[in-house]
Amino acid sequence: MAQLSSRMQALVQPHLRTLEPYDPNFAPTRVNLSANENTYGVPARVRTAMDAALAATPTNRYPDPMSNDLRDVLAARHGLSRENVIVGNGGDELLYNLVLAFGGPGRTLVNVPPTFSEYAFFASLAQTSVVDVWRDPNTFAPREDELVEAARTANLVVLTSPNNPTGDVASADLVRRLCEACPGLVLVDEAYVEFAEQDTSAEPLLAECDNLLVLHTLSKAFALAGARCGYILAAPDVIDALAAVRQIYSVNVLTQSAALVAVERRAAFAPVVEKIVAKRGRLCASLERIGGVRVWPSQGNFLLVRVARASRIRERLRDEFSILVRDFSYAPGLADCLRITVGTPEENDAVIEALSALVLEEAANA
Ligand code: PMP
């Protein structure tokens with residue numbers, strides 16, 4: 001891995017010296033199942049309305065800093081009011097703002113790995129100590145009692161449901177216990193919740209837990225990863241604190257317009273989400289039929305698989321088949337694991353066929 005030059009290591013803030021310049025390992029491929037995007041894209045009718053809205057959006061004026069029109073439709077979607085919603089330049093910006101506002105030196109964030117790596121990364125940028133409560137290494141279920149204990153002294157707890165990359169969901173009972181135990185704030189990251197079983201969301205608990213935050217994104221079910229739009233639901237004073245630290249124009253006018261159309265026409269996305277969920281079941285069954293592959297049950301739009309020589313298989317998928325999946329084999333707790341996004345039937349067939357051939361070949365070479 002690259003590191004900062006010695007000149008930069010001398011100049012950056014001391015806690016940033018060991019940072020590595022970001023390399024997402026991006027490679028253009030025929031089939032990209034590496035980033036949990038919605039590979040179907042925005043439904044054509046919605047896209048037409050979006051294009052009209054974008055064409056009618058002036059770009060000479062600064063955006064509404066708080067995206068109030070969008071806040072209103074999001075609040076309506078969730079049966080809340082505008083004061084309960086803050087919009088960000090992707091969920092990522094809001095996660096960063098969360099540690100900026102509530103983390104910092106001498107403060108702690110409880111993390112539940114293996115999980116989305118950005119929580120620990122943003123915490124380190126803001127000099128927040130991370131307390132890891134590792135999931136069960138076999139099932140990836142959170143260790144609930146340990147987690148509640150750790151929450152008792154935390155400024156922040158972040159729990160992902162469905163979890164990326166393991167696909168499991170957190171129970172409402174666990175979220176309630178965390179909110180009760182934690183003197184700080186508990187964020188449930190529901191970036192993938194639209195793909196989960198009904199009634200999975202922690203949202204109903206917002207009414208009783210004023211330290212609960214629920215994160216959503218339009219990058220997944222709504223197929224707007226490129227537009228960068230996420231939002232948090234929480235009590236109005238939590239929203240105010242997040243608003244106080246944000247960069248005021250971070251959500252641009254084009255994103256606000258596109259997101260507004262997508263959320264207003266959200267019913268059009270439901271059949272796409274249903275298709276992805278159905279294909280997830282099919283992809284899971286097909287992967288399980290390949291000998292030597294373990295697949296974890298998932299409620300997201302992705303599957304975590306364990307296969308011998310995962311890194312080599314991932315490279316060969318890319319180089320010989322032009323198929324990109326995500327390699328987690330170097331991540332602690334995820335030895336020999338790959339994450340495969342559920343795509344269109346053609347994309348799924350391509351990855352199944354290629355993976356079946358490669359697993360056989362690699363087993364023969366072992
Ligand atoms: N949370 C989780 C669990 C994610 O996987 C992602 C994106 N991969 C995000 C949040 C952030 O998504 P975005 O910034 O695209 O809204």
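Numbering of ligands and ligand atoms starts at 1, following listing order. Predicted model only: the values in this text are computed from it and were never measured. Because only heavy atoms are used, hydrogens play no part in the values below, and waters and symmetry mates are left out as well, while side chains stay in.
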Under a 3.5 Å cutoff, is there a donor and acceptor pairing between the side chains of T344 and E347? yes

S219 heavy atoms within 4.0 Å reach ligand 1 at atoms 13 (P), 15 (O), 16 (O)

Quick note on ligand 1: atoms under 4.0 Å from a heavy atom of G90 include exactly 14 (O), 16 (O)

Which of F222, Y231, Y192 passes ring pair (Phe, Tyr, Trp, His ring centres under 6.0 Å) with H216? Answer is Y231

Review point. Any luck finding a side-chain donor-acceptor pair between N252 and T255 under 3.5 Å?
Key: yes

Is the closest heavy-atom distance from E118 to ligand 1 below 4.0 Å? no

Taking only non-hydrogen atoms of T160 and a 4.0 Å limit, the atoms of ligand 1 in range are 3 (C)

Surrounding CZ of R265 (heavy atoms of other residues, nucleotides or ligands, distance under 6.0 Å), is the total greater than 12?
no

Per-atom filter on ligand 1: closer than 4.0 angstrom to a heavy atom of R228 are 13 (P), 14 (O), 15 (O)

Taking only non-hydrogen atoms of K220 and a 4.0 Å limit, the atoms of ligand 1 in range are 7 (C), 8 (N)

heavy-atom search around atom 1 (N) of ligand 1 in the protein gives D189 OD2, 2.5 Å

If you compare L215, N36, T217 by their heavy atoms, the one closest to atom 16 (O) of ligand 1 turns out to be T217

message: Run the salt bridge (Lys or Arg N to Asp or Glu O under 4.0 Å) test on D319 and R312 for me, step by step, so that the C-alpha distance in whole Å, both residues' side-chain angles and the decisive distance to 0.1 Å come before the verdict.
response: CA-CA 10 Å; D319 299 342; R312 185 167 157 73; over 6 Å; no

Per-atom filter on ligand 1: closer than 4.0 angstrom to a heavy atom of Y192 are 3 (C), 4 (C), 5 (O), 8 (N)

Short version for Y96: what comes under 4.0 Å of ligand 1, heavy atoms counted, is neither

Side chains of V46 and F269 in contact at under 4.5 Å (non-hydrogen atoms): yes

*T166-D168 side chain donor-acceptor pair, cut-off 3.5 Å*: yes

Numbered in order shown, the ligand 1 atoms found under 4.0 Å of a heavy atom of G91 are 13 (P), 14 (O), 16 (O)

> Below 4.0 Å from any atom of ligand 1, is there a heavy atom belonging to Y119?
Replying inline: yes

Counting heavy atoms under 4.0 Å, the part of D92 that contacts ligand 1 is both

